[in-house]
Amino acid sequence: METERIQESTEGYTGDRVRIYPVTRIRGRADIEVSFTPNQEVVAARLRGLDFRGFEQLVAGMHAYRVPQVTSRICGSCGSFHQLASCMALEEALGCEVAPGSRAFRELLCWLWLANSHLLAITYLALPDYALPMSDAAVRNISGIYMIEDEAVNRLASAQSAFSEALSLLCAMPVHSPAVVVGGVSSVPGSDDLRKAGEILASCENDLRETMRLVEMLIKRNAEMMYTGTPYRGNYLAMTAGGSPSLLGDRIGVGSFDGEVPGDMEPGELCSSIKVEPVPWSYIAPVTLGEMSLMLVGPLARMNVGYGSDTPWAERECRSCREQWAGPLNREFFAFQGLALEVIWAWEKACMLLEGDSITSGRGFKIPEAGAGEGAALIDSPQGLLLHRATVDSKGMVDDYQVISPLQFSYNLLNEHLSEVALKIVKGIEISDVIAGRLQLAVRAFCPCIPCATH
Amino acid sequence: MYLATVALSACGGCHSSLLSSGEPLVKLLAENSLSYSYVLADQPNISPADVALVTGCIRNARDREIAVEVGRTSRKVIAVGSCAVYGGIAGARPVEPPDIRGADLPVLGEVEPIDSVMNVELYVPGCPPLPGLVLEALKSIVEGYFPLHFEGTVCSECSRRGGARKVRAWQEHPAGTDGEECLLKEGILCMGPVTRGGCRAACPVVGTACTGCRGPSDMVLSSQLHSLYTDMVRYVSLSTRSREDRTERDIARLLEYLYLFTRSDPFTRARVKEEVSP
């Protein structure tokens with residue numbers, strides 16, 4: 001860990017600041033900045049995104065048909081969701097309808113991408129915190145866990161390989177897949193490939209079952225030690241269809257960590273109330289929704305909404321978690337359980353689609369007529385709500401493009417929570433490795449995806 | 001051996017690809033020691049390593065500082081991904097950073113591949129390279145054998161049928177309608193003929209045009225007489241039975257896509273004989 005002490009006074013802080021760089025085991029590069037009063041008391045802590053990427057500018061002036069291939073490179077973990085959201089926004093702008101078979105295939109890919117992304121996050125990013133919470137930083141990583149519990153690691157790796165293999169079979173690549181295009185999908189695989197993918201997924205059921213039990217056990221073992229005593233406040237938001245979370249739903253479920261009755265809203269209503277409020281100290285620009293500034297999106301938000309009866313395994317696991325902990329799931333460690341639970345959720349959904357007849361093989365897209373228009377697409381990605389907006393001119397060239405990523409929705413809550421944790425545990429300006437580790441743990445609980453947020 | 005992974009300005013796709021290797025990667029990491037890696041471990045400080053796997057491009061002063069330090073402290077460096085090898089998509093067009101005066105955040109500069117500041121032992125281009133390729137590169141250095149080298153182009157791995165056919169119009173949309181014919185025959189500017197293979201022709205086999213993310217093939221890099229542009233024009237003219245000047249006119253508006261991943265690489269740029277907009 002590298003800590004940097006700064007005495008320069010900006011934005012009203014008159015004391016010292018300590019920067020913890022980089023935050024480890026997250027996606028992308030960020031640091032945590034803790035500000036102190038002249039008496040060395042904590043004022044606030046915040047996560048700073050350090051890399052500006054400029055994708056919105058990069059695609060302006062490009063032809064709409066080519067844009068999704070570029071926007072998929074916003075993020076290496078949820079890039080395929082950016083590609084899909086981009087296609088959907090441009091299809092709306094160009095007035096194009098996607099055939100139901102292609103829509104179903106896109107949905108299948110979403111579930112596989114989500115499971116793949118979550119399994120990587122569990123194995124490499126989150127598991128070390130829970131499996132080796134008291135160990136030295138030098139061994140708190142996947143190799144350290146493998147030394148003492150190779151079976152659990154192999155199970156996780158094997159489950160992840162199954163999803164990765166299914167993705168390679170259906171869309172050529174697990175990361176930045178080229179299959180999703182404006183107008184549909186470039187090709188829908190034949191029934192043989194779909195059957196094979198179903199068999200691959202069926203083969204990892206036991207690994208998922210054991211992984212879920214492992215996660216549950218680790219949370220029970222470490223919950224007390226890991227809880228900072230600072231529950232989340234504000235709201236949680238997740239895309240829903242028929243009242244249950246859905247990656248490509250038609251409503252937005254909204255609930256409150258204070259226990260207020262949950263409600264919902266139209267995606268259009270959410271889009272029109274979004275206000276981007278850039279801050280001068282980070283390349284991540286937080287958003288507010290009308291009066292709502294503290295909100296959480298992603299696995300934990302979806303878990304709070306509760307899974308539907310069409311995915312009985314995920315629903316059962318979620319119910320049992322809620323019964324055990326009672327009340328809203330508002331603590332950091334629930335995110336870890338959320339990741340494992342959502343792998344099961346995605347597995348069930350993917351199996352259902354592979355067994356059904358909604359995916360029809362053959363040509364999967366229709367090239368829309370290039371024409372002026374505006375479009376927006378809101379979807380739920382592994383890390384939460386993701387919005388792409390596009391304005392296209394009469395020649396089909398992109399005039400204006402906007403991306404709002406999951407971390408931008410959760411950013412205010414993350415920083416407020418981080419400040420609360422810092423106020424509780426940081427005593428004086430000398431931040432030990434252990435305390436820095438706890439602050440990083442508080443950040444990791446939000447599953448932050450920095451490349452998405454600094455697009 | 002002491003291993004390390006570093007991401008400069010990157011999307012994280014190359015790390016995702018590496019991690020997707022699953023059990024063989026975990027075994028390799030367990031058999032060796034992780035010197036530092038902010039993605040995989042809690043030891044982020046750069047320290048000496050036998051092999052450092054670097055992803056991402058140099059885009060600001062901090063990237064440069066990290067890259068120089070990694071180059072200084074590592075015995076061998078593997079550049080993974082188009083950003084590390086060629087500068088990647090970040091260099092496709094110039095972008096204006098937001099006004100951050102007084103913010104103490106890294107300020108954007110020119111996009112550069114990593115070999116502008118360090119010696120690179122092995123290049124693994126791709127956006128991202130397939131998981132097997134990244135693991136193979138790492139293993140080859142750890143175990144001391146010569147890694148796979150893909151001399152051929154994407155076309156050499158593609159199952160679509162080539163041959164000459166006249167093209168009436170070149171389309172912007174990257175997907176083709178026919179399941180078996182070469183995409184070029186449909187008027188889709190697929191960069192397969194000039195792009196390095198090794199990706200199992202991932203894009204054309206699912207019906208979308210190759211975007212050239214693996215960079216120029218050996219043939220293109222073999223002499224100053226070749227460039228992505230000139231070779232592409234020559235091949236397209238042959239396969240569409242068209243005169244070269246006519247081809248140049250026809251695909252002029254699609255030129256930008258030829259250099260989507262390699263525009264900021266000085267070596268590749270040196271071979272660009274024509275002006276590429278914007």
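Protein chains get the first letters and strands the later ones, always in sequence-line order, with residue 1 at the start of each. The figures here come from the full heavy-atom set of this structure, side chains too, leaving out hydrogens, waters and symmetry mates.
- The distance from atom CD of A:Glu165 to atom OG of B:Ser20, rounded to the nearest 0.5 Å, is 12.5 Å.
- In terms of non-hydrogen atom pairs under 4.5 Å with chain B, the most contact-rich of A:Thr24, A:Asp136, A:Thr123, A:Ile74 is A:Thr24.
- Contact annotation for A:Leu58: both backbone and side-chain heavy atoms come within less than 4.5 Å of a heavy atom of chain B.
- Figure legend: A:Arg25 and B:Tyr38 shown without cation-pi pairing, the cationic atom not lying both under 6.0 angstrom from the six-membered ring centre and within 45 degrees of its axis.
- Within the 4.5 angstrom heavy-atom criterion, no atom of A:Phe163 approaches chain B.
- Highest contact tally toward chain B, considering only A:Ser164, A:Cys75, A:Gly396, A:Ser161, is held by A:Cys75 [criterion: heavy-atom pairs under 4.5 Å].
- Between chain B and the options A:Met62, A:His455, A:Met147, A:Arg27, the largest number of non-hydrogen pairs under 4.5 Å is found for A:Met62.
- Both the backbone and the side chain of B:Leu19 come within less than 4.5 Å of a heavy atom in chain A.
- Neither the backbone nor the side chain of B:Leu28 comes within contact range of chain A; no heavy atom of the residue lies under 4.5 Å from a heavy atom of that chain.
- Heavy-atom distances place the backbone of A:Ala60, and not its side chain, under 4.5 Å from chain B.
- In this structure, chain A has heavy atoms under 4.5 Å from both the backbone and the side chain of B:Glu96.
- Contact annotation for B:Thr211: only side-chain heavy atoms (C-beta onward) come within less than 4.5 Å of a heavy atom of chain A.
- Only the side chain of A:Val153 comes within contact range of chain B, judged by heavy atoms closer than 4.5 Å.
- For A:Ser187 (side chain) and B:Val206 (main-chain N/O), a donor-acceptor pair under 3.5 Å exists by modelled atom type.
- Interface remark: of the candidates A:Gly144, A:Ala138, A:Cys452, A:Pro128, A:Ala138 forms the most heavy-atom pairs closer than 4.5 Å to chain B.
- Stacking of B:Arg62 on the aromatic ring of A:Tyr21 is recorded, both the 6.0 Å distance cut-off and the 45° axial limit being met.
- Residue contact with chain B, scored on non-hydrogen atoms closer than 4.5 Å, involves the backbone and the side chain of A:Val70 alike.
- Checking side-chain atoms of A:Arg73 against main-chain N and O of B:Ile89 turns up no donor-acceptor pair under 3.5 Å.
- Checking side-chain atoms of B:Arg59 against main-chain N and O of A:Phe52 turns up a donor-acceptor pair under 3.5 Å.
- Per-residue counts of heavy-atom pairs under 4.5 Å with chain B were compared for A:Cys449, A:Pro178, A:Ser143; the largest is that of A:Pro178.
- For a residue to count as touching a neighbouring chain, one of its non-hydrogen atoms must lie under 4.5 Å from one of that chain's; by this rule B:Ile46 does not touch chain A.
- Applying the side chain to side chain donor-acceptor pair (under 3.5 Å) test to B:Ser156 and every residue at least two apart in sequence or in another chain returns nothing.
- With chain B as the partner, the residue from A:Leu120, A:Asp51, A:Ile142 showing the most heavy-atom pairs under 4.5 Å is A:Leu120.
- Contact annotation for B:Tyr36: neither backbone nor side-chain heavy atoms come within less than 4.5 Å of a heavy atom of chain A.
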Requested in this report: List the steps, then state whether ring-ring contact (aromatic ring centres under 6.0 Å, His included) holds for A:Tyr124 with B:His15.
Outcome: CA-CA 11 Å; A:Tyr124 296 99; B:His15 265 93; over 10 Å; no
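- The stretch residues 2-10 of chain B places B:Ala7, B:Leu8, B:Ser9, B:Ala10 near chain A, each with some heavy atom under 4.5 Å from a heavy atom of that chain.
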